[in-house]
Undergrad: 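Quick one: this structure, given as structure tokens, is what I'll be asking you about.
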Amino acid sequence: MSDAAQPSAAEVRAAAEAVKAALDRHLDAVERRSGEDDPAVYAAFNDLAATAEAYDELLYDVYDEVTPFEIPGDDTLPAYAGPEEPSALSVMIRRDYAVVEPQRLLAQAQRVADLDPDVDTPPGTAAAAVGNVGGSVHAALGVIFGEYEPDEIASRHKEFGLEEGDSTLWVTAAEDPAEPGEWLAAPFEQADPQRVICRFDVSAVFDEEQDLDDDGDDDADDVDDVDDGDDVLDVDADDDADGAPERGGGGGPASSPKR
């Protein structure tokens with residue numbers, strides 16, 4: 001941050017006062033809550049988290065100091081507010097990958113192109129013009145994802161030089177089925193967290209949490225051995241060849257935020 005943009009001590013003091021006020025609002029909401037999933041408590045919690053994070057950043061910028069508070073990420077869902085008897089649903093999936101072995105990806109894509117001379121390549125690339133995908137990661141990705149179903153790529157990602165990142169699947173309820181072509185221009189615009197029936201997440205962060213749990217006492221290890229049914233599908237074929245549930249961070253019905 002440049003000297004010109006450096007926040008002032010007065011801004012830090014104002015941010016601290018905002019945290020105090022947010023603490024009061026949160027406590028007031030908790031004392032007056034109408035039930036476990038009271039939206040007022042949820043809103044006050046988010047406000048307190050955002051205010052505390054802003055204060056922490058200003059404190060560090062001006063004084064090179066931090067607070068002792070950890071601001072938790074909001075990785076849970078608000079209370080379900082969709083139809084009690086949904087007549088339609090949407091399944092929304094996101095999977096992230098890193099290209100860790102470009103040469104493997106290029107070789108696999110070129111093999112597909114050699115077997116099928118009419119294979120599609122992304123328009124506007126040199127590969128599209130000459131029918132050669134062996135030198136363009138952009139074109140190679142277009143060939144691989146155009147040739148294989150997403151689930152097959154998920155189970156064979158290492159063959160294509162890819163490494164899995166986070167993934168999530170949301171099942172959301174709807175009153176009526178969408179009209180054909182209605183949402184294609186913005187497919188994820190209507191991903192309303194309050195209509196989520198269930199959600200399944202896969203992330204390396206859950207493995208890290210498991211490692212921390214494994215460092216606990218014997219009693220904790222005994223608990224970890226119990227299958228609680230909350231795991232989700234891990235699409236890594238090497239880890240889970242039979243497609244059985246392996247690990248997760250958000251399975252089950254939509255729930256209130258962790259507080």
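Note that the structure is a prediction, hence the values are computed from the model and not measured.
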Undergrad: Begin from the C-alpha positions of S8 and V62 and carry the test side-chain contact (heavy atoms from CB on, under 4.5 Å) through to its verdict.
TA: CA-CA 7 Å; S8 66; V62 175; over 6 Å; no
Undergrad: Applying side-chain hydrogen bond (donor to acceptor under 3.5 Å, both in side chains), can you list everything that pairs with E159, at least two apart in sequence or on another chain?
TA: R156
Undergrad: For E65, what residues pass the side-chain contact (heavy atoms from CB on, under 4.5 Å) criterion, not counting sequence neighbours?
TA: L59, Y63
Undergrad: When rounded to the nearest 0.5 angstrom, what is the spacing between CD1 in I144 and NE2 in H157?
TA: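 One gets 14.0 Å once the value is rounded to the nearest 0.5 Å.
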Undergrad: Compute the centroid of each ring, for F160 and then for Y148, and state whether the two points are separated by less than 6.0 Å.
TA: yes
Undergrad: According to side-chain contact (heavy atoms from CB on, under 4.5 Å), who are the partners of D192, at least two apart in sequence or on a separate chain?
TA: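 For D192, the residues satisfying side-chain contact (heavy atoms from CB on, under 4.5 Å) (neighbours in sequence not counted) are Q194, R195.
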Undergrad: Can you run down the salt bridge (Lys or Arg N to Asp or Glu O under 4.0 Å) pairs that involve residues 96-109, sequence neighbours left out, and say none if there aren't any?
TA: R94-D96, E101-R104
Undergrad: Less than 4.5 Å apart, side chain to side chain, heavy atoms only: is that true for T168 and F200?
TA: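 Answer no - side chains too far apart.
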Undergrad: Only distances under 3.5 Å count here; give the side-chain donor-acceptor pairs of residues 15-23 to other protein atoms, sequence neighbours excluded, each with its distance to 0.1 Å.
TA:
unit_1, atom_1, unit_2, atom_2, d
E17, OE2, K20, NZ, 3.2

Undergrad: Could you tell me which residues satisfy salt bridge (charged side-chain N to carboxylate O under 4.0 Å, His left out) with D24, sequence neighbours excluded, listed by chain and number?
TA: none
Undergrad: Show the nearest heavy-atom pair for residues V196 and Y80, with the distance to one decimal.
TA: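 Taking V196 first and Y80 second, the nearest heavy atoms are O-CD1, 3.5 Å.
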Undergrad: Write down the atom of A40, the atom of A29, and the distance for their closest heavy-atom approach.
TA: O-CB, 3.9 Å
Undergrad: Between CD1 of I153 and CG of L141, what distance do you get to the nearest 0.5 Å?
TA: 9.0 Å
Undergrad: In residues 177-185, what donor-acceptor pairs under 3.5 Å come from side-chain atoms, sequence neighbours left out?
TA:
unit_1, atom_1, unit_2, atom_2, d
E182, OE1, E179, N, 2.7

Undergrad: Could you tell me which residues satisfy salt bridge (charged side-chain N to carboxylate O under 4.0 Å, His left out) with E11, sequence neighbours excluded, listed by chain and number?
TA: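 With sequence neighbours excluded, E11 shows a salt bridge (charged side-chain N to carboxylate O under 4.0 Å, His left out) to no residue whatsoever.
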Undergrad: Please give me the minimum heavy-atom distance between D166 and A204, naming the atom from each residue.
TA: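 Result for this residue pair: OD1-N, 4.0 Å.
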Undergrad: To the nearest 0.5 Å, how far apart are CD in E53 and CG in L48?
TA: 11.5 Å
Undergrad: Begin from the C-alpha positions of V91 and L169 and carry the test side-chain contact (heavy atoms from CB on, under 4.5 Å) through to its verdict.
TA: CA-CA 7 Å; V91 179; L169 180 152; 3.9 Å; yes
Undergrad: Does V99 reach the side chain of L162, with side-chain heavy atoms less than 4.5 Å apart?
TA: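 Yes, at least one pair of side-chain atoms sits under 4.5 Å.
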Undergrad: Taking the side chain as every heavy atom from C-beta outward, state whether E164 and Y97 have any pair of such atoms under 4.5 Å apart.
TA: yes
Undergrad: Side-chain contact test, heavy atoms from C-beta onward, threshold under 4.5 Å: evaluate it for S203 versus V205 and give yes or no.
TA: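 Sidechains of V205 and S203: in contact.
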Undergrad: Between atom CD of E31 and atom NE2 of H26, what is the distance when rounded to the nearest 0.5 Å?
TA: 11.0 Å
Undergrad: Which heavy atom in R95 sits nearest to a heavy atom in P150, and how many Å separate them?
TA: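 The pair with the smallest heavy-atom distance is NH1-O, 3.4 Å.
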Undergrad: Listed by chain and number, what are the salt bridge (charged side-chain N to carboxylate O under 4.0 Å, His left out) partners of E175, not counting sequence neighbours?
TA: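 Result, salt bridge (charged side-chain N to carboxylate O under 4.0 Å, His left out) vs E175: none returned.
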Undergrad: Please list, chain by chain and in numerical order, all residues satisfying side-chain hydrogen bond (donor to acceptor under 3.5 Å, both in side chains) with S34, sequence neighbours excluded.
TA: D38
Undergrad: Any chance you could measure I93, atom CD1, to F188, atom CZ, to the nearest 0.5 Å?
TA: 8.5 Å
Undergrad: If you group Ile, Leu, Val, Met, Phe, Trp and Tyr whenever their side-chain heavy atoms sit less than 4.5 Å apart, what else falls in with V100?
TA: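 Cluster partners of V100: none, it stands alone.
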Undergrad: Taking ILVMFWY side chains as joined if any heavy atoms are under 4.5 angstrom apart, and letting links pass through other members, which residues group with Y60?
TA: V66
Undergrad: Between CG of L106 and CD of Q110, what distance do you get to the nearest 0.5 Å?
TA: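 Between atom CG of L106 and atom CD of Q110 there are 9.0 Å.
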